[in-house]
*Asks:* 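Here you go, one structure.
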Amino acid sequence: MITVGIDVGSITTKAAVVQDGKVISDRLILTGYNAMDAGTKVYEDIVAGLGVKSSAVDKIIATGYGRKSVAIADKAVTEITCHATGAHFLNPAVRSIIDIGGQDSKAIVVDENGGVKDFAMNDKCAAGTGRFLEVMARALEVDIDDFGNFSLKADAPAKISSLCTVFAESEVISLISKGEQRENIIAGIHESIAARVVAMAGRIGLSAPLMMTGGVAKNKGVVKALESKTGLGIEVSEKTQVTGAIGAALLACKS
């Protein structure tokens with residue numbers, strides 16, 4: 001049995017293929033303007049890369065913010081369920097998940113089977129998300145991929161008090177004008193994100209082992225800040241960006 005999971009996020013679109021319970025391929029592309037086109041393109045790319053025909057695919061499940069736009073999918077499932085399933089597959093011992101994507105952040109508590117016990121979500125404000133980090137990176141003229149390493153060099157993280165992206169950007173610009181080191185500003189941004197996520201996660205209570213999923217998990221500075229504020233070690237899989245797609249593909253096997 002071959003199934004495909006498609007995770008359409010605001011910044012990237014991911015796909016994963018599962019055959020007989022094993023992940024045999026995954027793919028990531030930029031979402032761009034049209035979420036429907038992105039979902040179709042990543043599906044065509046991953047199937048073509050495997051050298052199989054679409055007729056060989058038994059089922060497709062879509063997830064992510066653009067899941068309802070994926071016309072080729074047989075079903076749409078929330079990213080909360082898919083990330084829980086994907087994280088459990090990557091490490092069955094995981095009991096909590098922090099997922100920070102392009103436009104929202106989530107905390108999820110799972111049981112021993114990867115089922116969702118509880119969750120909390122911030123999808124009303126861009127602060128603490130990938131978009132927030134992109135805005136800050138532009139203001140500081142630092143490549144977003146270098147953000148994590150920059151913050152690890154900080155000696156005194158700057159205080160970013162605003163929880164609003166617009167006002168936080170103004171704070172950053174003010175700090176720049178005062179001559180604050182970029183490393184300290186970036187570390188302060190990461191501390192601000194971590195504080196916001198931990199406050200949200202406090203509503204459900206996190207427990208170890210804790211895994212972080214989503215694109216922001218690649219940022220070592222955010223991971224370090226979250227570890228400090230939660231008091232827990234955080235596991236980051238090499239498949240962190242495609243965890244939701246993997247979960248969707250696995251759920252497709254069962255539906």
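The residues of the chain are indexed from 1 along the displayed sequence.
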*Asks:* I'd like to check Ile108 versus Val116 (side-chain heavy atoms, cut-off strictly below 4.5 Å). Are they in contact?
*Replies:*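 Ile108 reaches Val116 side chain to side chain.
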
*Asks:* Distance check, rounded to the nearest 0.5 Å: Glu235 atom CD versus Asn91 atom CG?
*Replies:*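 Between atom CD of Glu235 and atom CG of Asn91 there are 4.5 Å.
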
*Asks:* Measuring from atom CG of Leu250 to atom CD1 of Ile61, what distance do you get when rounded to the nearest 0.5 angstrom?
*Replies:*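 Rounded to the nearest 0.5 Å, the CG-CD1 separation comes out at 9.5 Å.
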
*Asks:* For Val18 and Ala249, work out which heavy atoms get closest and say how close.
*Replies:*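 Looking at all heavy atoms of both residues, the shortest contact is CG2-CB, 3.6 Å.
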
*Asks:* Check whether Asp74 reaches the backbone of Ile60 with its side chain - one donor and one acceptor, N or O, closer than 3.5 Å.
*Replies:*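 Flag set: sc Asp74 to bb Ile60 pair under 3.5 Å.
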
*Asks:* Output every pair passing side chain to side chain donor-acceptor pair (under 3.5 Å) with a member in residues 57-72, not counting sequence neighbours, ordered by first then second residue.
*Replies:*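 Those involving residues 57-72 are Arg67-Glu79.
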
*Asks:* Are any side-chain N or O atoms of Arg95 and backbone N or O atoms of Ala93, one a donor and one an acceptor, separated by less than 3.5 Å?
*Replies:*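 Judged by distance alone, yes, a pair lies under 3.5 Å.
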
*Asks:* Heavy atoms, side chains only, cut-off 4.5 Å: are Met211 and Val236 in contact?
*Replies:*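 No. Closest side-chain heavy atoms not under 4.5 Å.
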
*Asks:* Are Ile80 and Ile204 co-members of a hydrophobic cluster defined by side-chain heavy atoms under 4.5 Å apart?
*Replies:*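 Per the 4.5 Å side-chain linkage, Ile204 and Ile80 are not co-clustered.
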
*Asks:* Taking the side chain as every heavy atom from C-beta outward, state whether Ile98 and Leu210 have any atom pair closer than 4.5 Å.
*Replies:*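 In short, these two side chains touch, coming nearer than 4.5 Å.
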
*Asks:* Should the pair Asp20-Lys22 be classified as a salt bridge under the 4.0 Å nitrogen-to-oxygen rule?
*Replies:*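 No, Asp20 and Lys22 are not salt-bridged.
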
*Asks:* Would you confirm whether Ser174, through its side chain, and Ser170, through its main-chain N or O, come within 3.5 Å as a donor-acceptor pair?
*Replies:*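 No: the side chain of Ser174 does not pair with the backbone of Ser170.
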
*Asks:* Could you report the tightest heavy-atom contact between Glu141 and Arg182, atom names first, then the distance?
*Replies:*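 Reported closest heavy-atom pair: O-NH1, 3.3 Å.
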
*Asks:* So, taking the atom named CD1 in Ile11 and the one named CD1 in Ile29, what distance separates them when rounded to the nearest 0.5 Å?
*Replies:*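 Ile11 atom CD1 to Ile29 atom CD1 measures 14.0 Å (nearest 0.5 Å).
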
*Asks:* Quick check: does any side chain N or O of Thr40 sit under 3.5 Å from a backbone N or O of Met36, one acting as donor and the other as acceptor?
*Replies:*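 Yes, Thr40 side chain to Met36 backbone: donor-acceptor pair under 3.5 Å.
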
*Asks:* Can you tell me how far the CE atom of Met200 sits from the CG atom of Leu206, to the nearest 0.5 Å?
*Replies:*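 Answer for the CE-CG pair, Met200 versus Leu206, is 8.5 Å.
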
*Asks:* Using a 4.5 Å cut-off on heavy atoms from C-beta on, say whether the side chain of Thr129 contacts that of Val216.
*Replies:*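 No, side chains not in contact.
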
*Asks:* Under 3.5 Å, is there a donor-acceptor pair between the side chain of Asp118 and the main chain of Val109?
*Replies:*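 Checking the backbone N and O of Val109 against the side chain of Asp118, no donor-acceptor pair under 3.5 Å is found.
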
*Asks:* Do Asp26 and Lys14 sit within salt-bridge range, that is, some charged N less than 4.0 Å from a carboxylate O?
*Replies:*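 Answer for the salt bridge query: no.
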
*Asks:* What closest approach, in Å, do Ala84 and Gly114 show between heavy atoms, and which atom pair accounts for it?
*Replies:*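 In this case the closest contact between Ala84 and Gly114 is CB-O, 3.5 Å.
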
*Asks:* Between Thr12 and Thr31, is any side-chain donor less than 3.5 angstrom from a side-chain acceptor?
*Replies:*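 Not at all, the side chains of Thr12 and Thr31 share no donor-acceptor pair under 3.5 Å.
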
*Asks:* I'd like to know if the side chain of Glu227 and the backbone of Ile234 have a donor-acceptor N/O pair within less than 3.5 Å.
*Replies:*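 Indeed, once roles are kept as given, a pair shorter than 3.5 Å links the two residues.
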
*Asks:* Between Glu44 and Lys41, is the closest basic N to carboxylate O distance under 4.0 Å?
*Replies:*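 No salt bridge links Lys41 with Glu44.
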
*Asks:* Tell me every residue that passes ring pair (Phe, Tyr, Trp, His ring centres under 6.0 Å) with Phe147, counting only those two or more places apart in sequence or in another chain.
*Replies:*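 Per chain and number, Phe147 pairs via ring pair (Phe, Tyr, Trp, His ring centres under 6.0 Å) with His190.
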
*Asks:* Salt bridge or not for Glu171 and Lys159, using N-O below 4.0 Å?
*Replies:*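 Salt bridge between Glu171 and Lys159, a charged N being under 4.0 Å from a carboxylate O: no.
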
*Asks:* Report the distance from atom NZ of Lys224 to atom OG of Ser151, rounding to the nearest 0.5 Å.
*Replies:*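 That separation rounds to 7.0 Å.
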
*Asks:* When you compare the side chain of Val23 with that of Val17, does any pair of heavy atoms fall below 4.5 Å?
*Replies:*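 No, their side chains stay 4.5 Å or more apart.
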
*Asks:* Taking the cut-offs as 6.0 angstrom to the six-membered ring centre and 45 degrees off its axis, would you call Lys153 and Phe150 a cation-pi pair?
*Replies:*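 Yes; both conditions hold, so Lys153 lies above the ring face of Phe150.
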
*Asks:* What's the shortest heavy-atom distance between Thr3 and Ala252, and which atoms?
*Replies:*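 Minimum heavy-atom contact is CB-CB, 3.6 Å.
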
*Asks:* Apply side chain to side chain contact (heavy atoms under 4.5 Å, CB included) to Met212 and Thr240, showing your working.
*Replies:* CA-CA 7 Å; Met212 188 171 174; Thr240 182; 5.8 Å; no

*Asks:* For the residue pair Lys106 and Thr213, establish whether any side-chain heavy-atom pair is separated by less than 4.5 Å.
*Replies:*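 No; the side chains remain at least 4.5 Å from each other.
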
*Asks:* Same cluster or not: Ile160 versus Val142, using hydrophobic residues (I, L, V, M, F, W, Y) connected whenever any side-chain heavy atoms lie under 4.5 Å apart?
*Replies:*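 Ile160 clusters together with Val142.
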
*Asks:* Is the closest side-chain heavy-atom distance between Glu169 and Ile173 below 4.5 Å?
*Replies:*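 Heavy-atom side-chain distance check passes, below 4.5 Å.
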
*Asks:* Honestly curious: do Val42 and Ile246 fall in one hydrophobic cluster under the side-chain, below-4.5 Å linking rule?
*Replies:*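 No, separate clusters.
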
*Asks:* Report, as yes or no, whether the 6.0 Å neighbourhood of atom CZ on Phe89 holds more than 12 heavy atoms from other residues, nucleotides or ligands.
*Replies:*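 More than 12 heavy atoms, drawn from other residues, nucleotides or ligands, come within 6.0 Å of this atom.
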
*Asks:* State whether the side chain of Thr230 and the backbone N or O of Leu226 hold a donor-acceptor pair below 3.5 Å, judged by distance alone.
*Replies:*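 Side chain of Thr230 to backbone of Leu226: a pair is present.
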
*Asks:* In the structure I gave you, are the side-chain heavy atoms of Met121 and Ser105 within less than 4.5 Å of one another anywhere?
*Replies:*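 Side chain of Met121 against side chain of Ser105, heavy atoms only: no contact under 4.5 Å found.
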
*Asks:* Short question: side chain of Asn113, backbone of Gly115 - any donor-acceptor pair under 3.5 Å?
*Replies:*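 Looks like no, no N/O pair under 3.5 Å.
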
*Asks:* Can you check side chain to side chain contact (heavy atoms under 4.5 Å, CB included) on Tyr43 and Val70, steps first, answer last?
*Replies:* CA-CA 10 Å; Tyr43 171 76; Val70 185; over 6 Å; no

*Asks:* Treat each ILVMFWY residue as a node, draw an edge where side-chain heavy atoms are under 4.5 Å apart, and state whether Ile100 and Leu28 are in one component.
*Replies:*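 In one cluster: no.
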
*Asks:* Once rounded to the nearest 0.5 Å, what's the spacing between atom CD1 of Ile6 and atom OG1 of Thr13?
*Replies:*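 Here the interatomic distance stands at 9.0 Å.
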
*Asks:* Check the pair Asp7 / Val242 against side chain to side chain contact (heavy atoms under 4.5 Å, CB included), numbers first and verdict last.
*Replies:* CA-CA 8 Å; Asp7 179 2; Val242 294; over 6 Å; no

*Asks:* Testing the basics here: between Val172 and Ala139, what is the closest heavy-atom pair and its distance to 0.1 Å?
*Replies:*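 Heavy atoms only, the tightest pair is CG1-CB, 4.4 Å.
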
*Asks:* Grouping I, L, V, M, F, W and Y whenever their side-chain heavy atoms are under 4.5 Å apart, do Val8 and Val77 come out in a common cluster?
*Replies:*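 Each belongs to a different hydrophobic cluster.
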
*Asks:* So which atom in Leu90 and which in Thr243 form the shortest heavy-atom distance, rounded to 0.1 Å?
*Replies:*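 Nearest heavy atoms, Leu90 then Thr243: CD1-OG1, 3.7 Å.
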
